[in-house]
Number of protein chains: 2
Amino acid sequence: MELVQIYECLCDVTRLRLLNVLAQGPLCVCHFQAVLREPQVKISKHLGYLRTRGLVTARREGNWMIYELPAKLPAELRTNLACLQDCVREQPVFQRDLERLRKLAPGLAENGPGCCGPTRRKRAGALRCGDTPSPSDRRKA
Amino acid sequence: MELVQIYECLCDVTRLRLLNVLAQGPLCVCHFQAVLREPQVKISKHLGYLRTRGLVTARREGNWMIYELPAKLPAELRTNLACLQDCVREQPVFQRDLERLRKLAPGLAENGPGCCGPTRRKRAGALRCGDTPSPSDRRKA
DNA sequence: GATCTATATTCCTTAAAGAGAATACGAAGT
DNA sequence: ACTTCGTATTCTCTTTAAGGAATATAGATC
């Protein structure tokens, strides 16, 4: 992986926020939506961008796509992500993201990174992500 | 300075090379040309890019423009430049630049960062940079 | 098999950046 | 004054990216 490509991935705020959150662990798209409070297209596109460049990996889990940092990071990427963490320590936007993530987190620990986790299927009323209103919900409002 | 802007500055190889060289000390444009072996427009434009974003400062010295890293760097920039240094340690392109810089360096130590240094004016035959042929030279060839 | 949910892709518009050729500018030197 | 030298700017072209709206797809549920 070229160094420049890493920096290209880092030169967009949304992607920085995604990576910052990802440093805490795997997550599904709709959780990213909830944490960053950005529209689905935006999240999805930027995750795709990161994915094609190898900064994140993705796997399917039911309806959900779980994104995470690759197990073994190339040295340069590792260094730069550490550097990012460092730089972001004082930046409100990024810290707010982490706070919102933490509020989501209790569920995550038990249920995994999926929107409601793999066990979710067994629970009634927990089928929808609910973090963002669907188009039909929006029409009702 | 926004973090993203730093990364925007870092997402071009030429600029990475410039910064890598600049980490060794101030330098004039024609020395950059010699070290990077890139055309003048390219060097000048990228230095301009870095300058408008505050990553480097410039001062005039006779005909020469001396570029250097600002005395007191913002924390994020400092961290990222250190990180860059680290990442680049094993990369041939960047190391070759530093070698070529070192070959130029003896003159630099005594004469300063200008193409032939401030004292140059007093020496005969040392008025031209000579690292890159001028258009008229090229016509002759 | 129709429907719903989470996510991806396509299409469009707009903006920015990179490269190179040519030209302009400012400071010396003659 | 004119030239020369080092450097910056302008112009043009091509590529890339970002955002949003709309639409497509894949898996799960009924």
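Because the structure is a prediction, the values reported are computed rather than measured. Per chain, numbering begins at 1; letters A, B, ... match sequence-line order.
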CG of B/L47 to CD of B/Q40, rounded to nearest 0.5 Å, is 10.0 Å
Distance col, row A/R89:CZ vs A/L98:CG, nearest 0.5 angstrom, shows 10.5 Å
Using whole Å, what does the distance between atom [atom2] of nucleotide [N] and atom [atom1] of [X] come to?
X     : N      : atom1 : atom2 : answer
B/Q33 : D/dC5  : CD    : P     : 14 Å
B/E61 : D/dG6  : CD    : C1'   : 13 Å
A/W64 : C/dC4  : CH2   : C1'   : 11 Å
B/L36 : D/dT7  : CG    : P     : 13 Å
A/R60 : C/dT7  : CZ    : P     : 9 Å
A/R59 : D/dG27 : CZ    : P     : 16 Å

**Asked** Contact class for B/F32 (heavy atom, under 4.0 Å): base, sugar-phosphate, or nothing?
**Response** nothing
Heavy atoms under 4.0 Å, any strand shown: does B/R15 hit a base, just sugar-phosphate, or nothing? sugar-phosphate
With the side chain defined as heavy atoms from C-beta on, B/N63 is closest, among C/dG26, C/dA8, D/dG27, to C/dG26
The correct set of residues in residues 39-50 of chain A placing a heavy atom under 4.0 Å from DNA chain C is A/Q40, A/V41, A/S44, A/K45
Heavy-atom nearest nucleotide on DNA chain D taken for A/T14 and for B/M65; more 5' hit belongs to B/M65
### ILVMFWY cluster, A/L84 and A/V93 together (side-chain gap under 4.5 Å)
yes
Would you say B/M1 and B/L3 are hydrophobically clustered, going by side-chain heavy atoms of ILVMFWY under 4.5 Å?
yes
Is any side-chain heavy atom of A/L55 closer than 4.5 Å to one of A/L81? no
Test item: A/W64 and A/V29 side chains (from C-beta on) under 4.5 Å apart, heavy atoms
no
Check residues 68-78 of chain B and write down every donor-acceptor pair under 3.5 Å in which the side-chain atom is one partner and the other belongs to a residue at least two apart or another chain.
residue: B/E68; atom: OE2; partner: B/R59; partner atom: NH1; Å: 2.7

A/A58 meets the side-chain contact (heavy atoms from CB on, under 4.5 Å) criterion, sequence neighbours left out, with A/R51, A/M65, A/Y67
**Study point:** side-chain contact (heavy atoms from CB on, under 4.5 Å) evaluation trace for A/R53 with A/Y49
**Key:** CA-CA 7 Å; A/R53 281 148 184 93; A/Y49 186 106; 3.4 Å; yes
So, with a heavy-atom separation below 4.0 Å from DNA chain D, the residues of residues 1-12 of chain A are A/D12
Could you pull out every donor-acceptor pair under 3.5 Å between side chains of residues 6-22 of chain A and any protein atom, sequence neighbours left out?
residue: A/D12; atom: OD1; partner: A/T14; partner atom: N; Å: 2.8
residue: A/D12; atom: OD1; partner: A/T14; partner atom: OG1; Å: 3.4
residue: A/D12; atom: OD1; partner: A/R15; partner atom: N; Å: 3.2
residue: A/R15; atom: NE; partner: A/C9; partner atom: O; Å: 2.9
residue: A/R15; atom: NH1; partner: A/H46; partner atom: ND1; Å: 3.1
residue: A/R15; atom: NH2; partner: A/E8; partner atom: O; Å: 3.1
residue: A/R17; atom: NE; partner: A/D97; partner atom: OD2; Å: 2.8
residue: A/R17; atom: NH1; partner: A/E38; partner atom: OE2; Å: 3.3
residue: A/R17; atom: NH2; partner: A/L36; partner atom: O; Å: 2.9
residue: A/R17; atom: NH2; partner: A/D97; partner atom: OD1; Å: 2.9
residue: A/N20; atom: ND2; partner: A/F94; partner atom: O; Å: 3.4

Using a cut-off of under 3.5 Å, enumerate the N/O to N/O pairs linking the protein to nucleotides 1-3 of chain C.
none

Tightest non-hydrogen contact, residues A/V35 and A/R100, listed as O-NE, 2.7 Å
> Just to confirm, is there a sub-4.0 Å distance from OP1 or OP2 of C/dA17 to any side-chain nitrogen or oxygen of B/R53?
Replying inline: yes
